[in-house]
Amino acid sequence: MTALTLSDAKTSMLPGRSGLFGRMSDVFWRHPKLLLFLMLTPPLLWLGIIYIGSLIALLLQSFFSIDDFSGLVNYEFTLATYAQLLSPTNFDIIIRTVAMSALVTLASALIAFPIAYYAARYAQGKWKVLFYLGVMLPLWSSYLVKVYAWKLILAKEGILTWLFEELHLSWLLDGILNLPVVGGNSLSVSYLGTFIVFVYIWLPYMILPTQAALERVPGNLIEASADLGATPRQTFRMVLLPLALPGIVAGSIFTFSLTLGDYIIPQIIGSSRLFIGQAVYAQQGTAGNVPLAAAFSVVPIVIMALYLSLAKKLGAFDAL
């Protein structure tokens, strides 16, 4: 029986194909692991050499220092560059950036949740299509165009100032601009203006994961909560929010990290006080202090590593 089976297999086996591509196809069919190796090698080389390799080079640069007299890089291992991050000026930059990232993330979550909830529970058919178009459409336009458009909107001669004047609320705008922390000559050169633009730019990245998480919440759980006598506030706090939290945390990964590393928005809209991205750009370009720029670059990496570990515990990756 075994001999018959082997004989049948030999007679039924197709002859090898001719030509280079035919022989290659036969080799890959006989050795599927070889094909897998050849397909994965280019992206792994790109990831390993270009991406991870550049990060390692950046990390190594942060352990060097600048000679105060010659201005050249001193290639000796030292932690002096990291000690410079704790100086009042540099530490203020870190605190300012982290605080802005946290506020942008919190505001984005508060704005995104009702929008995502409506889309998940009530929008159907063409309304859901319109929802996705409304959320995704700003992402299709140029980043710089949106930022410069907001620069014009928030300027002292912009439409927002005109609207406050038409509503006879100029006193309110002037009061906001006179605040010592968030104010400035106009909204376009203030922390408040920077905050508004950050929230506008990154809001879609919060809406979509939150909406996806709310889509997974069974409607009968909400109905059961109401049947058991829970008020809408209790249902939100005890049922809806815990189940939607992974999506909110997933969205916060985007909003927090993108705000943490952005340098274009604070450069165009904001005061003269630097954020981490601007400090990296200034130290690497204008000042020529590559080790300090590298040390500044390591700060967001460390912060995001801690943030991602916390997000993983909260199940955020399940909602991505």
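For this chain, numbers begin at 1 and follow the sequence in order.
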Visitor: Given L258 and F256, is the side-chain contact (heavy atoms from CB on, under 4.5 Å) satisfied, shown in steps?
Guide: CA-CA 6 Å; L258 292 171; F256 188 82; over 6 Å; no
Visitor: Find out whether V280 and I276 are in side-chain contact, i.e. whether some heavy atom of one side chain is under 4.5 Å from a heavy atom of the other.
Guide: yes
Visitor: Side chains of residues 244-254: which donor-acceptor pairs under 3.5 Å do they make with residues two or more places apart or in other chains?
Guide:
unit_1, atom_1, unit_2, atom_2, d
S252, OG, V249, O, 2.5
S252, OG, Y307, OH, 2.6

Visitor: Given 3.5 Å as the limit, does a donor-acceptor pair link the side chain of S101 with the main chain of T97, or not?
Guide: yes
Visitor: For residues 172-186, which side-chain donor-acceptor pairs fall under 3.5 Å, sequence neighbours excluded?
Guide:
unit_1, atom_1, unit_2, atom_2, d
N178, ND2, D174, O, 2.9
S186, OG, S188, N, 3.4
S186, OG, S188, OG, 2.8

Visitor: Is the number of heavy atoms from other residues, nucleotides or ligands within 6.0 Å of CD1 (I159) greater than 12?
Guide: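 Incorrect, the count does not exceed 12.
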Visitor: How about V104 and F195: do any of their side-chain heavy atoms sit closer than 4.5 Å?
Guide: yes
Visitor: Please round to the nearest 0.5 Å and tell me the distance separating atom CG of L160 and atom CD1 of I196.
Guide: 7.0 Å
Visitor: Could you tell me if the side chain of M136 sits less than 4.5 Å from the side chain of L208, heavy atoms only?
Guide: yes
Visitor: F77 vs F63 aromatic rings, parallel, tilted or perpendicular, using cut-offs 30° and 60°?
Guide: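 Parallel, since the angle between the ring planes stays under 30°.
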Visitor: Any chain of hydrophobic side-chain contacts (each under 4.5 Å) joining L163 to W150?
Guide: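 Yes.
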Visitor: Show your reasoning for whether side-chain contact (heavy atoms from CB on, under 4.5 Å) applies to R273 and D92.
Guide: CA-CA 9 Å; R273 296 183 177 181; D92 283 346; over 6 Å; no
Visitor: Can you name the residues that form a side chain to side chain donor-acceptor pair (under 3.5 Å) with T255, not counting sequence neighbours?
Guide: T105
Visitor: Could you name each residue pair satisfying salt bridge (charged side-chain N to carboxylate O under 4.0 Å, His left out) that touches residues 145-158, not counting sequence neighbours?
Guide: none
Visitor: Return yes if some donor-acceptor pair links the side-chain N/O of T161 with the main-chain N/O of A155 below 3.5 Å, else return no.
Guide: yes
Visitor: What's the spacing between N289 CG and Q84 CD if we round to 0.5 Å?
Guide: 6.5 Å
Visitor: Check for me, please, whether L221 and L241 land in the same ILVMFWY cluster - side-chain distances under 4.5 Å, paths through other members count.
Guide: yes
Visitor: Quick one, I207 and F131 - any side-chain contact, counting heavy atoms below 4.5 Å?
Guide: yes
Visitor: Is any side-chain heavy atom of P204 closer than 4.5 Å to a side-chain heavy atom of V135?
Guide: yes
Visitor: Are the side chain of S108 and the backbone N or O of M206 linked by a donor-acceptor pair below 3.5 Å?
Guide: no
Visitor: Of all residues at least two apart in sequence or in a different chain, which pass the ring-ring contact (aromatic ring centres under 6.0 Å, His included) check with Y132?
Guide: none
Visitor: Is the shortest heavy-atom distance from the side chain of L130 to the side chain of W127 under 4.5 Å?
Guide: yes
Visitor: Show every donor-acceptor pair shorter than 3.5 Å between a side-chain atom in residues 260-270 and any protein atom, with sequence neighbours excluded, or say none if there are none.
Guide:
unit_1, atom_1, unit_2, atom_2, d
D262, OD1, Y143, OH, 3.2
D262, OD1, I264, N, 2.9
D262, OD1, I265, N, 2.9
D262, OD2, Y143, OH, 2.4
Q267, OE1, Q278, NE2, 3.1

Visitor: Step by step, would you call L214 with F113 a side-chain contact (heavy atoms from CB on, under 4.5 Å)?
Guide: CA-CA 9 Å; L214 289 171; F113 192 90; 4.2 Å; yes
Visitor: Taking all atoms of both residues into account, what is the closest heavy-atom pair of F275 and I93, and its distance?
Guide: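 Here F275 and I93 meet closest at C-CG2, 3.5 Å.
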Visitor: For F164 and W171, what are the C-alpha separation, side-chain angles and deciding distance, and is it a side-chain contact (heavy atoms from CB on, under 4.5 Å)?
Guide: CA-CA 9 Å; F164 272 89; W171 59 270; over 6 Å; no
